[in-house]
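What follows is one structure encoded as structure tokens, with my remarks underneath.
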Amino acid sequence: MEKKRCNFSLGSGKHRVSDKALLYHDTRWCKPEHRDQELYAMLVLEGMQAGVSWNLILNKEDNFRKAFDGFDPKIVAGYDDAKIEELMQDAGIIRNRSKLKAAVTNAQAFLRVQDEFGSFDKYIWGFTAGRVIDHHLLDERDMPARDELSEKVSADLKKRGFKFVGATTTYSYLQGIGIINDHWEYCEYR
């Protein structure tokens, strides 16, 4: 018998989610992440998602990882205009110049945060004193697109020079790295 999942994770009709999206829901979404390189990876992927479906991002994730040197922020922080032009020719990723430049800007800001706090993990999890915020959702109408925490984190990220980190994108990021757990109460992947 199949395990129960959050109903939004399945999609419907022509909007069925990919196997990669199901795997993401089951193994990564709302699961605490503490590895700095993955925290940076999710920041880039969430920024790339603005205006497109998360399903598309997950289907291109392997291509993103190759194109962005495994999401090593130390390498990405040094990307120059020639590298941006190279990325603009890569059909395997989202070719939006502003988003590509933001990935570089965000890598530079990420490194500054690491220098200041010792790790990005300490910084980002410091907003909740290391605790997971579990909303125990019963219905999709209960899930906000943003909240007070995402607005606070978004404002601080922007102050530190990060791009594509509005409160809605930040809320999704906080879910993606497990600071917020928005799995439905009945979901067996909580």
Side-chain angles (χ1 to χ4, degrees), residues 6 8 24-25 28-58 61 64 68 71-79 84 87 93-94 96-137 139-184 190:
C6 303
F8 68 86
Y24 173 76
H25 167 272
R28 293 168 53 197
W29 188 64
C30 298
K31 304 288 191 269
E33 177 60 66
H34 295 282
R35 297 170 294 167
D36 269 19
Q37 197 156 321
E38 277 306 300
L39 293 171
Y40 173 69
M42 287 302 296
L43 195 62
V44 174
L45 294 172
E46 290 291 352
M48 292 291 172
Q49 191 266 333
V52 300
S53 78
W54 187 242
N55 209 29
L56 175 66
I57 296 300
L58 290 175
E61 182 177 4
F64 275 114
F68 282 91
F71 288 120
D72 183 333
K74 290 178 183 148
I75 296 173
V76 178
Y79 285 3
I84 296 294
L87 291 170
I93 64 171
I94 303 297
N96 176 302
R97 189 175 307 279
S98 296
K99 291 178 180 182
L100 296 174
K101 286 184 173 185
V104 177
T105 299
N106 289 351
Q108 295 162 352
F110 190 93
L111 295 176
R112 289 191 300 271
V113 168
Q114 283 182 321
D115 286 345
E116 181 179 345
F117 289 85
S119 71
F120 191 82
D121 177 65
K122 273 187 191 169
Y123 162 75
I124 200 70
W125 281 88
F127 284 96
T128 62
R131 293 179 306 112
V132 171
I133 306 301
D134 192 338
H135 289 138
H136 299 282
L137 301 178
D139 186 276
E140 65 185 284
R141 291 173 295 200
D142 297 335
M143 185 187 302
R146 62 196 299 163
D147 68 359
E148 191 176 312
L149 175 62
S150 73
E151 289 173 9
K152 180 180 179 182
V153 174
S154 170
D156 198 71
L157 288 167
K158 287 177 183 177
K159 181 179 80 177
R160 294 173 182 281
F162 287 85
K163 306 289 183 201
F164 283 91
V165 289
T168 300
T169 297
T170 299
Y171 189 89
S172 185
Y173 176 67
L174 295 173
Q175 290 172 315
I177 64 171
I179 289 177
I180 293 175
N181 182 355
D182 275 348
H183 279 283
W184 278 201
R190 292 182 56 68

From Asn106 atom CG to Leu157 atom CG, the distance as rounded to the nearest 0.5 Å: 8.0 Å
Atom of Val76, atom of Ala103 and distance for their closest heavy-atom approach: CG1-O, 3.7 Å
Any Phe127 side-chain heavy atom under 4.5 Å of Ile179 side chain: no
With sequence neighbours excluded, residues passing side-chain hydrogen bond (donor to acceptor under 3.5 Å, both in side chains) with Tyr40: none
Inter-residue atom distance Gln175.CD - Thr170.OG1, 0.5 Å rounding: 11.5 Å
Audit row: Tyr173, Val153, side-chain contact (heavy atoms from CB on, under 4.5 Å) steps and yes/no: CA-CA 10 Å; Tyr173 176 67; Val153 174; 5.9 Å; no
For Ala109 against Gly161, the heavy-atom pair lying closest together: CB-C, 4.3 Å
Pairwise side-chain contact, Ile177 with Ile124, heavy-atom cut-off 4.5 Å (strictly under): yes
Arg112: partners by salt bridge (Lys or Arg N to Asp or Glu O under 4.0 Å), with sequence neighbours left out: none
Separation between NE2 of His135 and CD1 of Ile180, rounded to the nearest 0.5 Å: 5.5 Å
Approximate separation, where rounding is to 0.5 Å, of Leu174 CG and Arg146 CZ: 12.5 Å
Selection residues 41-54 - residue pairs positive for side chain to side chain donor-acceptor pair (under 3.5 Å), sequence neighbours left out: Glu46-Ser172
Closest approach of Val104 to Ala77 (non-hydrogen atoms, all atoms of both residues): CG1-O, 3.9 Å
Whether His183 and Trp29 hold their rings parallel, tilted or perpendicular, with breakpoints at 30° and 60°: perpendicular
Heavy-atom closest contact (Ser150 atom, Ala167 atom, distance): OG-O, 3.1 Å
Residues that Lys158 engages under side-chain contact (heavy atoms from CB on, under 4.5 Å), provided they are two or more places apart: Ser154, Val165
Note, Leu45 side chain near Phe64 side chain (heavy atom, < 4.5 Å): yes
Minimum heavy-atom distance between Leu100 and Phe68, given as atom pair plus value: CD2-CZ, 3.7 Å
Partner set under ring-ring contact (aromatic ring centres under 6.0 Å, His included) for His136, not counting sequence neighbours: none
Reported OG1-to-OH distance for the pair Thr105 and Tyr79, which is rounded to 0.5 angstrom: 13.5 Å
No-hydrogen, no-angle side-chain donor-acceptor test under 3.5 Å, Asp72 and Gln37: no
Residues that Phe120 engages under ring-ring contact (aromatic ring centres under 6.0 Å, His included), provided they are two or more places apart: Phe110, Tyr123
Evaluation steps, side-chain contact (heavy atoms from CB on, under 4.5 Å), between Phe71 and Glu38: CA-CA 8 Å; Phe71 288 120; Glu38 277 306 300; 5.6 Å; no
Nearest heavy atoms of Gly176 and Met42, plus distance in Å: CA-CE, 4.0 Å
Salt bridge (Lys or Arg N to Asp or Glu O under 4.0 Å) partners for Glu61, two or more places apart: Arg28, Arg65
Partner residues of Lys99 under the side-chain contact (heavy atoms from CB on, under 4.5 Å) criterion, sequence neighbours left out: Met48, Ala50, Ile94, Asn96, Phe164
NZ/NE/NH1/NH2 to OD/OE distance under 4.0 Å, Arg35 and Glu33: yes
Nearest-0.5 Å distance that lies between atom CD1 in Ile93 and atom CG in Leu87: 4.5 Å
Those residues that, when tested against Asp156, pass salt bridge (Lys or Arg N to Asp or Glu O under 4.0 Å) (two or more places apart): Lys159, Arg160
Partner set under side-chain hydrogen bond (donor to acceptor under 3.5 Å, both in side chains) for Gln108, not counting sequence neighbours: none
Pairs involving residues 122-134, ordered by first then second residue, that meet salt bridge (charged side-chain N to carboxylate O under 4.0 Å, His left out) (sequence neighbours left out): Asp134-Arg190
Asn55 versus Tyr24, side-chain donor and acceptor atoms under 3.5 Å: no
